[in-house]
Amino acid sequence: MFKRILVANRGEIALRIIRACRELGVETVAVYSQADRGAPWLELADQTICIGKAPGSESYLNIPRIIAAAEVGNVEAIHPGYGFLSENPNFAEHCRASNFVFIGPPHEAIRRMGIKTEAKTIAAAAKVPCVPGSEGAVTSDAEAARVAREIGYPVLIKAAAGGGGKGMRVCREEASLIAALQAARAEAEAAFRDPSVYLEKFIDRPRHVEVQILADAHGNCVHLWERDCSLQRRHQKLVEESPGPTLSDRTRRRLCEAAVRLARQAGYVNAGTCEFLVDNEQNFYFIEVNARIQVEHPVTELVTGIDLIKQQIRIAAGEPLELKQAEIAQIGHAFECRINCEDPDHNFRPSPGTIQSVRIPGGYGVRWDSHVRAGYTVPPNYDSMVGKLLVHAPTRAEAMAVMRRALDELEIVGIPTTTSLHRRIFRNPDFAEGRVDTTWVERVLLASRPTPSGS
Ligand code: MV4
């Protein structure tokens, strides 16, 4: 096992990694930007190193600064967390070239998964169902028109270098295809400096289901079941849960087995997620791989009892997975609410500022993963998540009741947060019955007035 690692991230995930290291007997070096000087999680690291000014480009996204901090801190490995440099293959390669272990997939795997057409090709080779569409990027307008006619409208144009919803465009009929392609290519070029786009059949109101996998460097690969992340707004997830409330046992099993085949085919190592769209007939289609630990990983930890961060560190240290697939059970039901400092009454405008007080929920079945406390000022420079509220109970209905109770306990005074929106979601009959999809929050919940409290 490593003696000392560097945590190349901030906020709740930095804290989550520091905690896992402490339990493993691994020392930590935390890096921070000037905006995070004196931040609460830094107190729990063994050493802290300031790496630059507030903007990400001068701190958490700056590869030379992080490598320099790893040298100064005398670490053996670097954990990138999520966001920032976590899926940057050049960073993973730089770590390795500087003799630091990157706690994540091999840079080749990150690179392949970052090209969405490549990931689909690998999935198809592993006999994993993909959304019908072009084979790889479309190379001409004529090819796009032919593919679109074959699969039928509406079609979705996606950036090959995209992901997470960036650079997507729906096209409903041939008359608008060429213009849509042109716009999508320009957007992709501007956002990713790569104009490549591909075509898919547009799946109407799908659910988003993702499968957690773990693979070691010795050829072992297991899945840790699925998470349903259909509740989102503008591609920002709001609520995640496991098990997926609408999956049949047969679909669940086939989905999870498909994810393991894909990971094996890709030569994947460490923790990763295979994302699928699931339609009303339980058809599922692979869409992309997330080559990192994700925000919502604790949902899986609650239902499986497996600490994913510790598993990541053990895998990176070269240890073989000791988990056997047959021993990984999905027990009970877990939910996560992402609590952001955004004002749901004012179009979710970011609301950074100073937190006066926090009443932290607790009790049976509740987990609060957060880096904030009274007196903490949320800086405006980074994402707005201030905590993740998780619950675990034997059934979905019981877990909903625990979440309602925990959300009522949660009180963050000083800045607006999304807590009120979550209280609405957990009292909504559509959500209770599982009658939701990836468009539901915007199409239904945010289109209606909030129910006055008390009714
Ligand atoms: C789709 C789709 C419908 N049809 N692909 C958005 C994020 C990216 N991961 C893939 N996304 C979608 N791809 C086809 N062929 C609908 C979405 C989508 C979505 C997917 C997952 C979670 C939320 C979403 C919200 C809107 C659209």
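Each ligand, and each atom within it, is numbered from 1 in the order the structure gives. Both backbone and side-chain heavy atoms feed into the values below; hydrogens, waters and symmetry mates do not.
The atoms of ligand 1 that sit less than 4.0 Å from any heavy atom of H235 are 6 (C), 7 (C), 25 (C), 26 (C), 27 (C). Of all atoms in ligand 1, listed by their number and element, those nearer than 4.0 Å to a heavy atom of E200 are 5 (N), 14 (C), 15 (N). Every atom of ligand 1 with a heavy atom of L156 under 4.0 Å away is listed here by number and element: 1 (C), 2 (C), 3 (C), 4 (N), 5 (N), 13 (N), 14 (C). Atoms of ligand 1 found under 4.0 Å from any heavy atom of V131, numbered from 1 in the order shown, are 15 (N). Those atoms of ligand 1 that come under 4.0 Å of a heavy atom in F202, given as number and element, are 3 (C), 4 (N). Residue E275 approaches ligand 1 through these ligand atoms, each under 4.0 Å from one of its heavy atoms: 9 (N).
R367 has a carboxylate O that lies under 4.0 Å from a charged side-chain N of E301, or vice versa, which qualifies the two as a salt bridge.
At a heavy-atom cutoff of 4.0 Å, ligand 1 is contacted by both the backbone and the side chain of I203. When heavy-atom distances to ligand 1 are checked against a 4.0 Å cut-off, K158 comes that close only through its side chain, counted from C-beta outward. With a 4.0 Å cut-off on non-hydrogen atoms, L277 touches ligand 1 through its side chain and not its backbone. For I287, every heavy-atom contact with ligand 1 shorter than 4.0 Å involves the side chain, none the backbone.
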Return a table of donor-acceptor pairs under 3.5 angstrom between the side chains of residues 251-258 and protein atoms on other chains or two or more places apart.
residue	atom	partner	partner atom	Å
T251	OG1	S248	OG	2.8
T251	OG1	Q282	OE1	2.7
R252	NE	E226	OE1	3.4
R252	NE	E226	OE2	2.9
R252	NH1	D249	OD1	2.8
R252	NH2	E226	OE2	3.2
R252	NH2	G244	O	3.2

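Only one option out of L410, L389, I360, L390 pairs with V366 in a side chain to side chain contact (heavy atoms under 4.5 Å, CB included); it is L389.
Between E210, M168, H208, it is H208 that holds the heavy atom closest to atom 21 (C) of ligand 1.
In this structure K237 satisfies the salt bridge (Lys or Arg N to Asp or Glu O under 4.0 Å) test together with E210, E296, sequence neighbours excluded.
Between E288 and ligand 1, an N or O atom pair is found at a separation short of 3.5 Å.
More than 12 heavy atoms of other shown residues, nucleotides or ligands fall within 6.0 angstrom of atom CZ in R443. Surrounding NE2 of H208 are more than 12 heavy atoms belonging to other residues, nucleotides or ligands, all under 6.0 Å away.
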